[in-house]
Amino acid sequence: MWEGAKIRLVPMCVEKHCDNYVEWMNGDGVGDWMIMSELPTTWHEMKVWLEKRGSIKNEARFAIETLDGRHVGSASLQQIDWFNRTAISGLFIGPTAERGKGYGLDAAMVRSKYAFEVLGLRMIYSEVLADNVAIISLLEKIGYKKCGCKPAFIWKRGEFKDVTILALSKEDWESTGCAG
Ligand SMILES: CC(C)(COP(=O)(O)OP(=O)(O)OC[C@H]1O[C@@H](n2cnc3c(N)ncnc32)[C@H](O)[C@@H]1OP(=O)(O)O)[C@@H](O)C(=O)NCCC(=O)NCCS
């Protein structure tokens, strides 16, 4: 269990998290911004997906819970490349009412600490819709730097949208003071 000032990162499980993920992934608040297919996610599909997570050894996916145990989102390190020591990071806060309370920032800070200090990674990347000012601002706050663009990369809500790539090196993370 990985804990920050406001949240903790816990392993995902079907019993506690499946219903919420199905609701959030299919809702506009999260679905509008995710770099994933426009197809709806069924409960069964999500259950099977969650059950598989434990056996996949190149990713670390967590549910985000508040310190009093409410499930509010998800934070991940995916496509971990153990040879080059890199990963792709993902993050969302599901319920609209839980956004803007500092949970996303705290989760991203705990995730970075886990990536660099526990997994021994060297660099983490994030790929986000170019017009997602909230996540770009959050990531830049903890040291990520924009490093590229994939023009018209994702079909999202009726148009092809640009994707911005951001990167956080261990050195940049340490220099933000987030390393503690
Ligand atoms: C983007 C997201 C992860 C931010 O998490 P959050 O808990 O709402 O954000 P926080 O309260 O921790 O805010 C941290 C910083 O993020 C930025 N931020 C958050 N919401 C913002 C908004 N609506 N507009 C601009 N910047 C915003 C700000 O820099 C903020 O710092 P500040 O409070 O000092 O201004 C969350 O709102 C979310 O999941 N949104 C929908 C899905 C999504 O976009 N996911 C990410 C891409 S898949």
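First listed ligand is number 1; within each ligand, the first listed atom is number 1.
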### Query
When you measure from atom 6 (P) of ligand 1 to every protein heavy atom, which one gives the shortest distance, and what is it?
G100 N, 3.7 Å
### Message
Other residues, nucleotides and ligands only: do more than 12 of their heavy atoms fall within 6.0 Å of NZ on K145?
### Response
no
## Note on the structure
atom 30 (C) of ligand 1: closest protein heavy atom, distance to 0.1 Å, is K141 NZ, 3.8 Å
### Query
Any N or O on V30 sitting closer than 3.5 Å to an N or O of ligand 1?
no
### Query
Does atom 43 (C) of ligand 1 have any protein heavy atom closer than 4.0 Å?
yes
### Query
Would you say the side-chain atoms of R85 pair up with the backbone N or O of G120, donor to acceptor, closer than 3.5 Å?
yes
### Query
Where the closest heavy atom to atom 26 (N) of ligand 1 is concerned, which of A134, G73, G102 has it?
A134
### Message
Within the structure, is a non-hydrogen atom of V128 found at a distance of less than 4.0 Å from ligand 1?
### Response
no
### Check: D106 side chain, K6 main-chain N or O, donor-acceptor pair, under 3.5 Å
yes
### Task
Note the single closest protein heavy atom to atom 47 (C) of ligand 1, along with its residue, its atom name and the distance in Å.
N132 ND2, 3.6 Å
### Query
Closest non-hydrogen protein atom to atom 48 (S) of ligand 1, residue and atom name please, with distance?
M34 SD, 3.5 Å
### Task
Answer yes if M109 and V118 sit in the same cluster of Ile, Leu, Val, Met, Phe, Trp and Tyr residues linked by side chain heavy atoms under 4.5 Å apart, and no otherwise.
yes
### Query
Out of curiosity, does W82 fall in the hydrophobic cluster containing I56 (side-chain heavy atoms, cut-off under 4.5 Å, transitive links)?
no
### Query
Considering only the protein, which heavy-atom contact is closest to atom 16 (O) of ligand 1, and what is its distance?
L138 CB, 3.3 Å
### Task
Identify the protein heavy atom lying closest to atom 41 (C) of ligand 1, giving its residue, its atom name and the separation to 0.1 Å.
G29 O, 3.5 Å
### Message
Regarding ligand 1, does F92 bring an N or O atom to under 3.5 Å of one of the ligand's N or O atoms?
### Response
no
### Message
Return the closest protein heavy atom for atom 28 (C) of ligand 1 as residue, atom name and distance.
### Response
S137 OG, 3.4 Å
### Query
Who's the nearest protein heavy-atom neighbour of atom 40 (N) of ligand 1, and how far?
R99 NE, 3.5 Å
### Message
So for ligand 1, is L91 a polar contact partner (N or O within less than 3.5 Å, distance only)?
### Response
yes
### Query
Which of these, R8, K16, R70, sits in a salt bridge (charged side-chain N to carboxylate O under 4.0 Å, His left out) with E65?
K16
### Message
Does the plane of the ring in W24 sit parallel, tilted or perpendicular to the ring in Y21? Use 30° and 60° as the thresholds.
### Response
perpendicular
### Ligand-side contact atoms (ligand 1) for residue partner L105, heavy atom cut-off under 4.0 Å
12 (O), 14 (C)
### Query
Is F92 reachable from I154 through a run of hydrophobic residues whose side-chain heavy atoms are each under 4.5 Å from the next?
no
### Message
I want to know if ligand 1 touches K101 in the polar sense, i.e. an N/O pair below 3.5 angstrom.
### Response
yes
### Task
Tell me whether L139 is reachable from I35 by hopping between hydrophobic residues (I, L, V, M, F, W, Y) whose side-chain heavy atoms are closer than 4.5 Å.
no
